[in-house]
**Student:** 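Quick one: structure below, then a few questions.
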Number of protein chains: 2
Amino acid sequence: MTVSKAAEKTAEKTSEKPADPAKGRKDAAESQGQGAAEALQLGGLSEQLGYVLKRAQLKVFENFLRCMASLQLTPAQFSVLLLVEKNPGRNQTEIASTLGILRPNFVAMLDNLESRDLCARIRSTNDRRSHILVLTDKGKAVLARAKKLVATKHEARLNDLLGQSNREALIAMLSKIANEF
Amino acid sequence: MTVSKAAEKTAEKTSEKPADPAKGRKDAAESQGQGAAEALQLGGLSEQLGYVLKRAQLKVFENFLRCMASLQLTPAQFSVLLLVEKNPGRNQTEIASTLGILRPNFVAMLDNLESRDLCARIRSTNDRRSHILVLTDKGKAVLARAKKLVATKHEARLNDLLGQSNREALIAMLSKIANEF
DNA sequence: TATTGTTATACTCTATAACTATA
DNA sequence: TATAGTTATAGAGTATAACAATA
């Protein structure tokens, strides 16, 4: 991976969106054949937790990438920078495992961030097997800008959509699910 | 894919879970070296929509797979069977696009379901390019059992966790995000 | 012997281009 | 020419085994 392919692509792509039952329908009159394309029955799917959760997650990640297009940061990269900043002196294993990233998969991710001069690996003097992670000055600056973008463009949108108290309730319920389901 | 690798694997795997800040901590006394491994600061990550949404979604899908282990159905496969049942006479393009699945990727999915005798492709007599999708008798029976498992084991768990009214509020908010974010 | 970072590898998901057979 | 299903392919994401350096 050279830069952030995921972020690059998402800005321009026209991926397969689920058909909107309202907009997707064609009037019977406007189709040239016999039967027009009626909207499909979802059969309760839109009341099922996993279905709606997955769709919401995809939408939110898409929006995140759009908001961060200028910084070329994916949600995962943002979370890594945030954790490295908040936890000075930690090594790769500690940062990765906290985020649920497997150590082998964390290597390429760090290679990417390091090649962009956003963070650096420093060999620990205590334990020369470990790489202590630190943000570079550029990394700190980018993260600061990223936080602002997330707060003002991304999270703010959720407030607009649900309102402050609903937003908090939503996050609380999702946290509960993430921790206890 | 022979059968459902995803479902097979999930039942037995010990994937990388994010460290629980409470349980992950070691007491300073029990570590043999100098400093014990303190829990890392998440730095507001657990209040961020995308982070908690992704984690909740992973947990819910894991639970879904466990609940469906006896039927070997993934969430995506379940949604396909449900849609085929509820929308007789529809072709691959219509079912796939409604679920946000790209047509090329839908082919292997159907090959799998068809090889397990859960559904069948039927050449349309109106338009011989189209494959009308139908459930086999076995497919109908499996889907019926799947619906019961989802309702009694999977969705019921959400009620236990959040309560009925919170559950409905959660689904409503996620739907709103999925549709309007 | 155990752990850290790493490589190699594999499987799933997702995405695009292009082919074929029909229309 | 346009569309339905398909093939081939490529890129992310995620998973495991095993190695070298170090403890």
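Each chain gets a letter, A, B and so on, in the order the sequences are listed, and its residues count up from 1.
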**Student:** Whole-Å distance between C:dC13 C1' and B:N112 CG?
**Tutor:** 14 Å
**Student:** What is the distance from CE of A:M109 to C1' of D:dA12, rounded to the nearest Å?
**Tutor:** 12 Å
**Student:** In whole angstrom, what separates B:L110's CG from D:dT7's P?
**Tutor:** 12 Å
**Student:** Could you write out each protein N or O paired with an N or O of nucleotides 21-23 of chain D at a distance under 3.5 Å?
**Tutor:**
unit_1, atom_1, unit_2, atom_2, d
D:dT22, OP1, A:R128, NH2, 3.1
D:dA23, OP1, A:R128, N, 2.8

**Student:** Which residue lies toward the 5' end of DNA chain C, A:Q92 or A:K54, if each is placed at its nearest nucleotide?
**Tutor:** A:Q92
**Student:** Quick one: are A:L99 and B:Y51 in side-chain contact, heavy atoms under 4.5 Å?
**Tutor:** yes
**Student:** Consider the side chain of B:L102, meaning its heavy atoms from C-beta on, and name the nucleotide among C:dT6, C:dA15, D:dG5 that approaches it most closely.
**Tutor:** C:dA15
**Student:** Quick one: which residue pairs count as a ring-ring contact (aromatic ring centres under 6.0 Å, His included) with a foot in residues 137-167 of chain B, not counting sequence neighbours?
**Tutor:** A:F181-B:H154, B:F64-B:H154
**Student:** Can you check the B:H131 NE2 to D:dT3 P distance for me, whole Å?
**Tutor:** 18 Å
**Student:** Tell me whether A:E114 is salt-bridged to A:R121, with the criterion being a basic N under 4.0 Å from an acidic carboxylate O.
**Tutor:** yes
**Student:** Just verifying a value: how many Å separate A:T93 OG1 and A:F106 CZ, rounded to the nearest 0.5 Å?
**Tutor:** 9.0 Å
**Student:** Quick check for you: among C:dT4, D:dA4, C:dT6, whose closest atom lies nearest to any side-chain atom of A:P104?
**Tutor:** C:dT6
**Student:** Taking 4.0 angstrom as the limit, do A:E180 and B:K59 come out as a salt bridge?
**Tutor:** no
**Student:** Side-chain contact test, heavy atoms from C-beta onward, threshold under 4.5 Å: evaluate it for A:E155 versus B:E47 and give yes or no.
**Tutor:** no
**Student:** How long is the line joining CG of A:N105 and P of C:dT12, in whole Å?
**Tutor:** 16 Å
